[in-house]
Amino acid sequence: MSGVGKSTVWAGLGASVPLILGYLPIAFSFGVAATRSGMSGAEALALSVIMYSGAAQFLAVALIAAGVPVVVAVATLAGMALRHLLYGPTLLRQAGDAASARWGAVWGFGLTDEVFGAALGELARGRRFSEPYMLGLAAGAYGAWLAGTVAGAWAGGGALEAWPAVNAGLGFMLPALFLALLLSLLTRAQVPVIVVAGAVTVAVTLVWSGTAGLLAGMVAGALVGGRGRAD
Amino acid sequence: MVVLALAVGALTWAFRALPLRMSLHAVRPDTRLGRFLAATGPAAIGTLFVAAVLPYVRGDSGEAVPLVAGVAAVLGLYFWRRSVVLATLGGAVFYGIAQFLTGV
């Protein structure tokens, strides 16, 4: 536990810096995409405030623009969010004796893919779990997401058209973030888990859909981990 | 739009926050469930990375050179400084530069 400092809300905010840097351009892109599709800036911000789910928000914009019925859109987007069911229990198990979720209804709102990955990485490096820390981590990321959305919506739909290389670099921010988070979690014992998760994701995505691929990949990888020896 | 946002927002919150009430932290790590939960994190992040990079590999979002440059930069910077921030930003910068140089 020593060497990583106290798990205060400020420490959580500090640990959210990578997420802030990763979220700002992605949220900016979302703001741009939303206004490009015809939404107002307020509508784009409302999606970020209420949904706070990156990939699902991009898909929501596409579904709304395509005029898909609300029931179908909700079912599709809820299916995308199913993967989050595993995050809380996994995090609390990793937290061990320090596990607590008294305020889980609050900081749990911010338990996105990246917040989950960052928290898991910190715990793996010896960070003691605390709810204030989780609140700080989640709040930093959420604030960046909202700020990025506002900036993107304000800049407008054509903001990045004159800067294709910048646009491309911003677009690559998410894969880069996931790869860096993956490297921070990587151990020899988890290699088969990651290989199977990736292979199943590709296969199911190609033959069915990206959403099904996400869920199938996570479950398949975790099942491989469940069959193997403890790390 | 508001109905959609509220419904999906409520479900997403429920999927994230309600499982925190499950007392799974007491699960022993040497059990099958314990190993399953321990593997969930790497499996999830691995899956998300593959899903994010798949459009690039399929050629939907660019060509091979920027992708190789971006991935190599993330790997190199991470193993050099062990920093998620630096690796993420460096990967994006190198991807953008490669995109600019190759004129894709």
Side-chain angles (χ1 to χ4, degrees), chain A residues 17-18 21-22 43 46-47 50-51 53 64 70 73-74 77-78 81 84-86 88-90 92-93 95 99 101 104-105 108-109 111 113 117 120 165-166 168-169 172-185 190 193-194 197-198 201 210 214 217-218 221-222 225-226 230-231, chain B residues 1-9 11-13 15-17 19-22 24-25 27 29-30 32-54 56 61-62 66 70-71 74-75 78-79 84-85 87-89 91-93 95-97 99-100:
Chain A
V17 170
L21 295 174
E43 288 173 328
L47 277 182
I50 299 168
M51 285 179 62
S53 185
I64 291 169
V70 171
V74 169
L77 297 169
H84 293 113
L85 283 169
L86 299 170
T90 301
L92 292 183
R93 200 205 67 86
F109 171 75
L111 200 54
D113 300 323
L120 209 58
V166 174
F172 191 70
M173 195 71 82
L174 198 56
L177 179 61
F178 284 133
L179 179 57
L181 286 173
L182 187 62
L183 292 172
S184 75
L185 290 174
Q190 301 292 10
V193 171
I194 293 164
T201 303
L214 275 174
M218 287 180 196
D231 196 1
Chain B
M1 197 283 287
V2 174
V3 173
L4 174 74
L6 287 173
V8 176
L11 286 168
T12 302
W13 171 81
F15 292 160
R16 287 174 182 168
L20 289 167
R21 294 179 176 275
M22 299 167 68
L24 291 177
H25 59 280
V27 174
D30 56 347
R32 180 165 288 211
L33 180 57
R35 290 194 298 270
F36 175 88
L37 290 173
T40 302
I45 302 300
T47 298
L48 290 164
F49 167 66
V50 170
V53 87
L54 197 54
Y56 293 85
S61 297
V71 169
V74 173
L75 292 172
Y78 183 80
F79 286 117
V84 171
V85 186
T88 302
L89 290 177
V93 168
Y95 185 93
I97 290 172
Q99 182 95 349
F100 177 75

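Throughout, protein chains are lettered first and strands after them, A, B, ... in sequence-line order, and every chain is numbered starting at 1.
In plain terms, the two heavy atoms of B:A43 and A:A197 that are nearest each other are O-CB, 3.7 Å. Considering every non-hydrogen atom in both B:R16 and A:G108, the closest pair reads CB-O, 3.1 Å. When every heavy atom of B:A39 is checked against every heavy atom of A:G221, the shortest pair comes out as CB-O, 4.2 Å. When all heavy atoms are compared, the tightest approach of B:Q99 to A:A165 is CG-CA, 4.5 Å. Between A:G104 and B:L20, the shortest heavy-atom distance links the atoms O-CD1, 3.6 Å. Here the closest non-hydrogen pair linking B:I45 and A:G117 is CD1-CA, 3.9 Å.
The residue among B:G70, B:P42, B:A51 with the most heavy atom pairs within less than 4.5 Å of chain A is B:P42. Contact count versus chain B (heavy atoms, under 4.5 Å) is highest, among A:L47, A:L21, A:D113, for A:D113. Comparing B:V2, B:T12, B:V53 by heavy-atom pairs within less than 4.5 Å of chain A, the highest count is held by B:T12. Between chain A and the residues B:L11, B:V71, B:I97, the most heavy-atom pairs under 4.5 angstrom are made by B:V71. Interface remark: of the candidates A:A46, A:G198, A:G22, A:G198 forms the most heavy-atom pairs closer than 4.5 Å to chain B. Note on A:A222, A:A168, A:S184: by heavy-atom pairs under 4.5 Å with chain B, the leading option is A:A222. If you tally non-hydrogen atom pairs under 4.5 Å between each of B:F79, B:W13, B:Y78 and chain A, the highest count goes to B:Y78.
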Exercise answer: donor-acceptor pairs, residues 173-183 of chain A side-chain atoms, under 3.5 Å, sequence neighbours excluded:
none

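The aromatic rings of B:Y95 and A:F172 sit parallel, their planes meeting at an angle under 30°, below the 60° perpendicular limit.
Atom CG of B:L6 is separated from atom CD1 of A:I50 by 4.5 Å, given to the nearest 0.5 angstrom. If you take CE on A:M218 and CG on B:L48, they are separated by 4.0 Å, rounding to the nearest 0.5 Å. The OG1 atom of A:T201 sits 9.0 Å away from the CG atom of B:L54 when rounded to the nearest 0.5 Å.
In this structure, chain B has heavy atoms under 4.5 Å from both the backbone and the side chain of A:V70. With a threshold of 4.5 angstrom between heavy atoms, A:L111 approaches chain B through its backbone and through its side chain.
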